[in-house]
Colleague: 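First the structure, which I've put down as structure tokens, then a few questions once you've had a look.
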There are 2 protein chains.
Amino acid sequence: MPRNGDDARRRLQQAALELVQEHGYDATTSAEIAARAGLTERTFFRHFSDKREALFEEDPRLRPALTEAMAEAAQGLPPLEIVLQALRSVGPLLEENRAFTAPRQPIIAATPALRERADAKTAALISLLAAGLRQRGVEAKLAALAAQVGMAAFSYAARAWFEDPTETFDVHLTQAFQALNRMSPG
Amino acid sequence: MPRNGDDARRRLQQAALELVQEHGYDATTSAEIAARAGLTERTFFRHFSDKREALFEEDPRLRPALTEAMAEAAQGLPPLEIVLQALRSVGPLLEENRAFTAPRQPIIAATPALRERADAKTAALISLLAAGLRQRGVEAKLAALAAQVGMAAFSYAARAWFEDPTETFDVHLTQAFQALNRMSPG
DNA sequence: TCCGATTTCGTCAGTCACTGACATATAGAC
DNA sequence: GTCTATATGTCAGTGACTGACGAAATCGGA
């Protein structure tokens with residue numbers, strides 16, 4: 001009965017966005033979202049493991065791109081440089097997904113349950129970066145430290161880029177790194 | 001009908017710990033936890049807003065201590081120094097709560113739902129630190145950056161202290177800060 | 001063109017987290 | 001010995017999520 005092929009997922013995401021914008025996240029049920037998409041609640045949970053996930057979308061190329069960039073970085077680079085270089089390489093992905101991300105950002109920020117999920121997602125990316133460093137021989141705790149610091153710069157750049165999209169994400173990331181350097185060498 | 005006074009909460013926490021250690025988090029229901037504590041499920045949810053919360057415990061002095069330390073830091077200090085100083089001041093609280101934290105740490109690490117909550121809690125602390133910096137006139141994005149970097153050092157120190165409790169947490173935090181300084185001044 | 005396999009969805013029944021409303025019993029103030 | 005605030009029990013209900021099963025549509029090939 002493959003009626004819709006793949007756009008069922010997109011319809012569900014769109015329906016979720018609209019309903020949550022209208023009534024708030026807690027006040028919209030998964031059944032309502034499915035109904036607006038012309039589907040059943042059961043089908044909703046076939047496309048999303050979670051009610052929250054309908055408001056998110058991780059580019060499937062993100063994680064592979066990060067791990068690959070981590071693995072292919074030049075030898076002898078300090079850990080934080082490796083992380084920054086990897087994060088720089090996925091800038092275009094961020095820019096590509098802005099149309100999806102932008103309208104959902106304020107909703108996520110305003111909904112504790114969604115913010116929690118967002119925090120977990122960045123934490124998962126930090127783990128990915130740390131794992132990449134460990135695979136290059138960096139000690140575990142140090143790897144986690146560098147990964148967290150790198151992601152902090154990334155978040156800084158992301159926030160700046162959301163405020164001012166006229167500049168490339170890359171430019172913002174460079175500025176974030178500069179702010180970082182001005183920070184610790186006390 | 002105040003039969004148990006305040007230790008009902010502790011009994012629930014203890015029951016939750018035991019049952020989760022025995023059968024895993026997902027396989028233990030809130031009703032079972034309440035039953036082992038000699039209480040009802042309804043009472044469980046009067047003591048914890050969430051099933052997950054039975055495995056956590058935030059010292060009520062933590063957040064006030066942090067905000068106070070942030071506010072009372074000397075003028076003219078760079079943001080990261082302020083954060084580090086505040087985090088240093090709550091080291092004793094960490095050490096005091098080790099008996100509660102230690103046995104729950106592996107469970108949280110092994111359970112995605114609990115890890116998500118833990119991530120959210122650290123994110124909330126980061127927000128608290130950032131707010132403290134903003135109140136001192138630090139620009140928003142820069143405040144967030146310094147708060148995240150500071151919390152990264154704190155996490156580093158916490159992990160090191162859990163591995164080696166013979167040293168003070170303060171010592172580990174100093175070493176974390178040193179590792180941080182060796183990191184960025186490239 | 002017909003057929004079998006795969007995919008995508010609907011239906012149904014069920015579990016579990018969590019909540020509101022109301023009753024009840026206990027500890028402590030007086 | 002009342003009176004009151006507090007801690008708990010009971011009950012009914014909502015909503016997220018899952019497993020099992022069936023049905024229809026698509027696709028590959030004979």
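What you are looking at is a predicted structure, and each value in this text was computed from that prediction instead of being measured. Per chain, numbering begins at 1; letters A, B, ... match sequence-line order.
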Colleague: Taking side chain as C-beta onward, heavy atoms only, is B/Phe154 less than 4.5 Å from B/Arg88?
Modeller: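 Answer no - side chains too far apart.
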
Colleague: Would you mind reading off the distance between B/Phe44 atom CZ and C/dC16 atom C1', rounded to a whole angstrom?
Modeller: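 Nearest whole value for this atom pair: 12 Å.
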
Colleague: Is there a side-chain polar atom (N or O) of A/Thr43 under 4.0 Å from OP1 or OP2 of C/dG10?
Modeller: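 Affirmative; the distance criterion is met.
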
Colleague: Taking the six-membered ring of B/Phe100, is NZ or CZ of B/Arg104 closer than 6.0 Å to its centre and within 45° of its axis?
Modeller: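 Yes.
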
Colleague: Of the listed nucleotides (C/dA17, D/dA16, D/dA20), which one gets closest to any side-chain atom of A/Lys51?
Modeller: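 Nearest listed nucleotide: D/dA16.
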
Colleague: Could you tell me the separation between the CZ atom of A/Arg11 and the C1' atom of C/dT8, rounded to a whole number of Å?
Modeller: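 From A/Arg11 CZ to C/dT8 C1': 12 Å.
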
Colleague: On the nucleotide C/dT8, are OP1 or OP2 found under 4.0 Å from the side-chain N or O atoms that A/His47 carries?
Modeller: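 The answer is no; no side-chain N or O of A/His47 sits under 4.0 Å from OP1 or OP2.
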
Colleague: Starting at atom CZ of A/Arg42, determine the distance to atom P of D/dG15, rounded to an integer number of angstrom.
Modeller: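 Between P of D/dG15 and CZ of A/Arg42: 19 Å.
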
Colleague: How many angstroms lie between OG1 in B/Thr29 and NZ in B/Lys51, if you round to the nearest 0.5 Å?
Modeller: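 These two atoms lie 7.0 Å from each other.
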
Colleague: Looking at the side chain of A/Asp50, which of D/dC17, C/dA17, D/dT8 is the nearest nucleotide?
Modeller: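 Output: D/dC17.
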
Colleague: In whole angstroms, how far is the P atom of C/dA17 from the CZ atom of B/Arg117?
Modeller: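 Between P of C/dA17 and CZ of B/Arg117: 14 Å.
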
Colleague: Please report, rounded to the nearest Å, how far the P atom of C/dC18 is from the CG atom of A/Asp26.
Modeller: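 So the two atoms are 13 Å apart, to the nearest Å.
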
Colleague: Given D/dA16, is OP1 or OP2 found less than 4.0 Å from the side-chain N or O atoms of A/Ser30?
Modeller: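 Answer yes for this pair, as a side-chain N or O of A/Ser30 is under 4.0 Å from OP1 or OP2.
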
Colleague: Picking from C/dA17, D/dA16, C/dC9, which would you name as closest to the side chain of B/Glu41?
Modeller: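 Looking only at side-chain atoms, B/Glu41 lies closest to C/dA17.
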
Colleague: Measure from CG on B/Asp7 to P on C/dA27 and round the result to the nearest Å.
Modeller: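 Checked: the CG to P distance equals 13 Å.
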
Colleague: Nearest of C/dT19, D/dA16, C/dC22 to any side-chain atom of B/Arg46?
Modeller: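 The answer is C/dC22, which lies nearest to the side chain.
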
Colleague: Who are the ring-ring contact (aromatic ring centres under 6.0 Å, His included) partners of B/Tyr25, not counting sequence neighbours?
Modeller: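 ring-ring contact (aromatic ring centres under 6.0 Å, His included) check on B/Tyr25 returns nothing, list empty.
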
Colleague: Mind calculating the distance between CZ (A/Phe45) and P (C/dA13) to the nearest angstrom?
Modeller: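 About 19 Å, once rounded to whole Å.
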
Colleague: May I ask you to say whether A/Glu22 pairs ionically with A/Arg36, meaning some side-chain N is under 4.0 Å from a carboxylate O?
Modeller: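 Between A/Arg36 and A/Glu22 there is a salt bridge, with a charged N closer than 4.0 Å to a carboxylate O.
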
Colleague: Side chain of A/Thr40 only, please: which of C/dG10, D/dG19, C/dC18 is the nearest?
Modeller: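 So the nucleotide nearest the side chain must be C/dG10.
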
Colleague: Please report, rounded to the nearest Å, how far the C1' atom of D/dT6 is from the CZ atom of B/Arg9.
Modeller: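 Atom-to-atom, B/Arg9 to D/dT6, this comes out as 16 Å.
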
Colleague: Quick check for you: among C/dG10, C/dT19, D/dC17, whose closest atom lies nearest to any side-chain atom of A/Leu39?
Modeller: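 Among C/dG10, C/dT19, D/dC17, the one nearest the side chain of A/Leu39 is C/dG10.
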
